[in-house]
Colleague: 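Okay, here's the structure, questions in a sec.
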Amino acid sequence: MQESDKILFILNPKSGRQSAVDVAALIPQYLPQSRYEIVLTEFAGHATELARHGAKEGFRVVAAVGGDGTVNEVARGLLGTQAALAIIPKGSGNGLARHLKIPMQVSQALKDLSTNKFSRIDSCTINEHPFFCTAGLGFDGYISGVFANNSRRGLRSYVELVLKEFLKFKPGKAAIKLNQENFETPCFVLTFANASQYGNNAYIAPMADIRDGLLDICLIPDLSMRKALAVSYGLLTKTIATTGHADFFTSPEITVKTEKPMPFHADGEYVGEASEFHVEIKPLSLEVLTPQ
Ligand SMILES: Nc1ncnc2c1ncn2[C@@H]1O[C@H](COP(=O)(O)OP(=O)(O)OP(=O)(O)O)[C@@H](O)[C@H]1O
């Protein structure tokens, strides 16, 4: 980054556990005041407007200070602009930041900004909703919907919720079209990965390359409690592909039709229900500022 590059920090005061005020107070320790501005989001969706406006105003870098939801909102506002995305992780999962090797400590992430390098990564859409880390349908989407209505945040309440809802969720059937192939399958979870992990180092697609122009698709057709334990262990040890309970595909796009409407998410944020899905990759469509 050059000395003349200006940074707009967009802080989500609601994300994660650390307060926005802490981050705002730390920034002056790492950057001269002439190099940055700070704005706080006031409502869900606000970060997209703020990012778009910041890019128009000529900020070279727009930094999302929050979790994957905030990163998604800022990044979608930057698509097609001259501004690059930086991330100061402050969420509970921080999947994209972890994939891009951004330090989890706010102070280190801020310190690194001046030596980080610009590069480009792929972005994706699910039914026209942009995502940058992962999107998914089935149990993934169902949990994102239940979690959105849960007042408690954080990893522990997330795990408790997953365990509680696991037995309630009924999987469906899906007809999948990818790479000129058509097949039908039961579908408990279908995840579309741009980055390798959901967040919290839970690796749903350990081999995913965020710059290869391909989605890494993980299908878990059905899941008993015994299989779920193996899959959970596989997620945390980057060995999900060897559990025998998940199938993997790579493709620049995929079409899915489900027998009944299924809930879906984009970057962990619940979007809604649908019975037809089109997911595609937009190669190298977003500029980022990251450690190399
Ligand atoms: N001022 C605000 N008031 C209420 N909600 C907001 C505000 N600003 C942003 N949001 C919403 O907060 C949600 C959660 O943000 P974010 O994903 O950054 O945090 P998190 O859920 O704690 O982290 P992670 O996604 O890593 O688990 C986003 O969906 C965003 O739209």
Side-chain angles (χ1 to χ4, degrees), residues 8-24 38-54 62-79 85-106 109-110 123-124 126 129-136 140-162 165 191-204 210 235-236 263-272 288 290:
L8 176 65
F9 290 93
I10 300 181
L11 273 73
N12 175 353
K14 300 284 174 197
S15 60
R17 294 209 189 132
Q18 301 171 55
S19 80
V21 180
D22 289 342
V23 183
I38 303 173
V39 282
L40 264 61
T41 60
E42 287 165 18
F43 49 87
H46 194 196
T48 304
E49 277 175 40
L50 293 171
R52 211 171 276 145
H53 187 253
V62 179
V65 186
D68 283 314
T70 308
V71 170
N72 178 297
E73 289 188 8
V74 170
R76 65 167 68 195
L78 298 181
L79 288 172
L85 170 77
I87 304 173
I88 305 300
K90 202 178 77 73
S92 34
N94 304 311
L96 190 63
R98 287 177 197 268
H99 182 99
L100 295 172
K101 306 270 190 291
I102 292 167
M104 287 300 107
Q105 305 75 22
V106 166
L110 285 169
S123 74
C124 317
I126 178 164
H129 298 272
F131 68 94
F132 306 86
C133 194
T134 65
D140 264 20
Y142 174 74
I143 283 294
S144 67
V146 181
F147 194 59
N149 294 317
N150 196 25
S151 54
R152 289 169 57 215
R153 311 300 288 174
L155 180 62
R156 190 172 161 176
S157 50
Y158 187 78
V159 172
E160 282 170 9
L161 194 79
V162 169
E165 298 297 327
T191 298
F192 315 104
N194 190 35
S196 55
Q197 61 168 281
Y198 284 135
N200 282 313
N201 292 332
Y203 291 88
I204 185 68
I210 206 157
L235 282 172
L236 297 174
F264 69 109
H265 75 91
D267 286 338
E269 301 293 319
Y270 177 72
V271 183
V288 292
T290 61

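Atoms within each ligand, like the ligands themselves, are counted from 1 in listed order. Treat the numbers as computed from the prediction; the structure is a model and nothing was measured. In this chain, residues are counted from 1 in sequence order.
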Colleague: Any N or O of Gly67 that comes nearer than 3.5 Å to an N or O of ligand 1?
Modeller: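 For ligand 1, there is an N or O atom that lies under 3.5 Å from one belonging to Gly67.
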Colleague: Numbering the atoms of ligand 1 from 1, which are under 4.0 Å from a heavy atom of Asn94?
Modeller: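 Contacts of ligand 1 toward Asn94, numbered from 1: 26 (O).
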Colleague: Between Leu79 and Phe132, is any pair of side-chain heavy atoms under 4.5 Å apart?
Modeller: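 A side-chain contact exists here, since the closest heavy-atom pair is under 4.5 Å.
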Colleague: Ligand 1 and Gly66, any nitrogen or oxygen pair closer than 3.5 angstrom?
Modeller: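 Min N/O separation from ligand 1 is not below 3.5 Å for Gly66.
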Colleague: In Å and rounded to the nearest 0.5 Å, what is the OG1 to NZ distance from Thr41 to Lys14?
Modeller: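 Reported value, rounded in 0.5 Å steps: 9.0 Å.
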Colleague: Among Asp267, Val74, Thr48, Asn12, which one puts a heavy atom closest to atom 12 (O) of ligand 1?
Modeller: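 It is Asn12 whose heavy atom sits nearest to atom 12 (O) of ligand 1.
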Colleague: Below 4.5 Å, heavy atoms only, C-beta onward: do Thr191 and Tyr198 meet side chain to side chain?
Modeller: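 Contact flag for Thr191/Tyr198 side chains = yes.
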Colleague: How about Leu236 and Asn201: do any of their side-chain heavy atoms sit closer than 4.5 Å?
Modeller: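 The answer is no, as the side chains (C-beta and beyond) never meet within the 4.5 Å cut-off.
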Colleague: Please verify whether a non-hydrogen atom of Gly199 lies at under 4.0 Å from ligand 1.
Modeller: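 Per 4.0 Å heavy-atom rule, Gly199 does not contact ligand 1.
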Colleague: At under 4.0 Å between heavy atoms, is it the side chain or the backbone of Thr70 that contacts ligand 1, or both, or neither?
Modeller: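 For Thr70, backbone and side-chain atoms both sit under 4.0 Å from ligand 1.
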Colleague: Can you name the atoms of ligand 1, numbered from 1 with element, that are less than 4.0 Å from a heavy atom of Gly45?
Modeller: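 It comes down to these atoms of ligand 1: 31 (O).
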Colleague: Kindly indicate whether the side chain of Asp267, heavy atoms from C-beta on, has any atom under 4.5 Å from the side chain of Val71.
Modeller: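 Asp267 does not reach Val71 side chain to side chain.
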Colleague: Is any side-chain heavy atom of Thr290 less than 4.5 Å from a side-chain heavy atom of Ile102?
Modeller: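 The answer is yes; the side chains approach within 4.5 Å.
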Colleague: Side-chain contact test, heavy atoms from C-beta onward, threshold under 4.5 Å: evaluate it for Glu49 versus Arg52 and give yes or no.
Modeller: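 With C-beta onward as the side chain, the pair stays apart.
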Colleague: Please identify which atoms of ligand 1 are closer than 4.0 Å to at least one heavy atom of Gly93.
Modeller: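 Those qualifying, in numeric order: 24 (P), 26 (O), 27 (O).
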Colleague: Report the part of Lys90 (side chain from C-beta onward, or backbone N, CA, C, O) that has a heavy atom under 4.0 Å from ligand 1; answer both or neither where that applies.
Modeller: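 Answer for Lys90: neither.
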Colleague: With respect to atom 8 (N) of ligand 1, which of Val65, Thr41, Ile10, Leu11 exhibits the smallest heavy-atom separation?
Modeller: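 Of the listed residues, Thr41 has the closest heavy atom.
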Colleague: With heavy atoms only and a cut-off of under 4.0 Å, state how Glu42 meets ligand 1: side chain, backbone, both or neither.
Modeller: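 Looking at Glu42 and ligand 1, just backbone atoms fall under 4.0 Å.
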Colleague: One residue to check: His46. Relative to ligand 1, which of side chain, backbone, both or neither has a non-hydrogen atom less than 4.0 Å away?
Modeller: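 None of His46 does.
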Colleague: In the structure I gave you, are the side-chain heavy atoms of Ile87 and Asn94 within less than 4.5 Å of one another anywhere?
Modeller: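 Of all side-chain heavy-atom pairs linking Asn94 with Ile87, none is under 4.5 Å.
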Colleague: So is there a nitrogen or oxygen of Pro13 less than 3.5 Å from a nitrogen or oxygen in ligand 1?
Modeller: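 By distance alone, the answer is no.
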Colleague: Within the distance-only criterion (no hydrogens, no angle test), does the side chain of Thr134 pair as donor or acceptor with the backbone N or O of Ala193 below 3.5 angstrom?
Modeller: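 No, the answer is negative, given that no donor and acceptor are paired below the 3.5 Å cut-off.
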